[in-house]
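In what follows, a structure is listed as structure tokens, so that the remarks can point back to it.
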Protein chains: 2
Amino acid sequence: MFQIAVYGKGGIGKSTISANLSYALAEKGKRVLHIGCDPKHDSTRLLLGGANQTTVLDYMKEVPSPERNLEDLVLDGSMGVKCVEAGGPEPGIGCAGRGIISTFNTLENLGIDRYQFDIKLYDVLGDVVCGGFAIPLRKEYADAVYLVTSGEFMSIYAANNILKGMRNFDSISPRVAGLIFNSRGRDEEEWMIESFARAVGLPIIVRMPRSDLFAKAERNIQTVVEIFPNSEPTRVIKSLADHVLLISEGSLSLKSPHPLSDEQLNDLAAGR
Amino acid sequence: MFQIAVYGKGGIGKSTISANLSYALAEKGKRVLHIGCDPKHDSTRLLLGGANQTTVLDYMKEVPSPERNLEDLVLDGSMGVKCVEAGGPEPGIGCAGRGIISTFNTLENLGIDRYQFDIKLYDVLGDVVCGGFAIPLRKEYADAVYLVTSGEFMSIYAANNILKGMRNFDSISPRVAGLIFNSRGRDEEEWMIESFARAVGLPIIVRMPRSDLFAKAERNIQTVVEIFPNSEPTRVIKSLADHVLLISEGSLSLKSPHPLSDEQLNDLAAGR
Ligand SMILES: Nc1ncnc2c1ncn2[C@@H]1O[C@H](COP(=O)(O)OP(=O)(O)O)[C@@H](O)[C@H]1O
Ligand SMILES: Nc1ncnc2c1ncn2[C@@H]1O[C@H](COP(=O)(O)OP(=O)(O)O)[C@@H](O)[C@H]1O
Ligand code: SF4
Ligand SMILES: [Mg+2]
Ligand SMILES: [Mg+2]
């Protein structure tokens, strides 16, 4: 059983990329558990044909302990991907990452491991690396961490923060797979992400072009891999899925990247 | 003394807009305190000609209590704007909003109020409305809240979350000034922000066009208002400064907007 965490700045394309990735892995025959760890709780939408599933946090509030069933929280999505949404508290009321903490405890207590998954994928908000959001970075939850970023400074700053977070509570083992370059469609992005990748010591695993097919698939509330099987984005996702499988088998190595200091980041942004 | 909090999704242009706003208010003769409340601690850069000033959080760690001076934390910026940076903890170590909590306590303990400011401006990260990040939304810190957003769904989702956060701990008094539309330069943004504004009951106070002058000013590490006094962005910022002053005098009213539910937001995004 192999666990991967997909992190990145909010809005960068984590849920889109990870839902497509889960679908592609399932299409290759893997039993996949897809867990949305963003308070926005919309990571499983494209796998569930639009249903915004009950989040674990809401379920815990509404259903008394003796009446809880794992099947209410783990839903069947396209290609047999099993789907969970952590949810988050109301804004302004407690720690935003609380849904993640509740989710890990609840799934364990309700016996998630009887499902025997091949791959567990966590789609996690990367804007703040604290509270519940930092938990999926731990060794026991993520065998490998993938960072989704564009070439925009803001998303690279967030990616660098995630690397700092990992270094701060687990500086020894190499557990970062690399960068997923999800382009915003501007020319200058290439040099920015390549400079960053080189500076921290990470590969750019795949490059996802900006494509209208995502909006089209979104309108059908499906993944691009499902609705446009012969497209360029699908080819890129399948290549990413292959990478995950090679990493899980140990055929490709994980990295121990070194985060940049604020100064180094500023130099990068300024092109120095 | 009038306090305003400027909130919005990370990367949306809060620091750029608020540094320019502080400069414009000072240019109109006001004594302004500009407090950066983003762990990125780069809100005062353009007012300090590039210096990434010592953050309150770092200062507290490095300087023992008897040796602390307010003057080490409150620096003189362009046009006499007084500058403070809260800072944030290392990613993965504790609550990301801790710098804000430390800052409010420290400034108070070291006697910030002897300065007698006309305007206090807080530039706050709006991606998560919890921990320290929720504190500047309180009545005692913000007489008025300004939301910076583009027409992109992600930033509108964040703005809506901030409204929810305010409603959750202070549902009575109207304290939202309105939206600052900082465009990303795409045509479809207009209808999205206008639909949102109408749906929640907020005015779009000013519309800041996307402009190369920001990058040019950034290269000189100055605000656009300082270096391009006769430009369109400067005109927009001055108009925003006038709005702040009219609100502070009670000549314009604050609003009590109603946040949208997830369903209403999804309808908005889908153009329903
Ligand atoms: N490569 C791409 N081309 C076009 N649109 C994209 C691409 N990647 C993501 N998007 C769109 O960007 C928006 C944000 O993506 P999402 O996956 O929700 O971000 P996140 O989960 O990181 O917050 C969605 O509307 C999605 O369809
Ligand atoms: N209207 C605009 N036109 C062009 N660039 C802008 C505009 N507003 C902001 N920017 C740029 O966008 C980037 C992010 O802005 P910043 O103020 O740092 O965001 P935030 O403080 O919200 O994280 C900066 O490089 C800034 O110069
Ligand atoms: S730990 Fe992070 S998510 Fe939790 S309250 Fe603090 S800032 Fe918010
Ligand atoms: Mg998402
Ligand atoms: Mg900022």
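Heavy-atom basis, side chains included; hydrogens, waters and symmetry copies ignored. None of the values given here were measured: they were computed from a predicted structure. We name chains A, B, ... by the order of the sequence lines, and we start the count at 1 in each one.
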Q) Has B/E62 got more than 12 heavy atoms of other residues, nucleotides or ligands less than 6.0 Å from its CD? A) yes
Q: Please look at A/E152 and chain B and tell me whether the side chain, the backbone, both or neither of the residue comes under 4.5 angstrom of a heavy atom of that chain.
A: side chain
Q: Please name the pair of heavy atoms, one in A/M154 and one in B/G10, separated by the smallest distance, quoted to 0.1 Å.
A: SD-C, 4.3 Å
Q | Heavy-atom proximity to chain B below 4.5 Å, by part of A/L125 | A | side chain
Q. Between A/K40 and chain B, which part of the residue has a heavy atom less than 4.5 Å away: side chain, backbone, both or neither?
A. both
Q | Heavy-atom proximity to chain B below 4.5 Å, by part of A/P259 | A | neither
Q. Of B/N168, B/V129, B/N161, which is the lone residue that meets side-chain contact (heavy atoms from CB on, under 4.5 Å) with A/E90?
A. B/N168
Q: Using non-hydrogen atoms and a 4.5 Å limit, figure out which bit of A/D42 sits close to chain B: side chain, backbone, both or neither.
A: neither
Q | Closest non-hydrogen atom pair, A/C95 against B/C130 | A | CA-CB, 4.3 Å
Q. Above 12 or not: heavy atoms from other molecules or residues under 6.0 Å from CD of A/E140?
A. yes
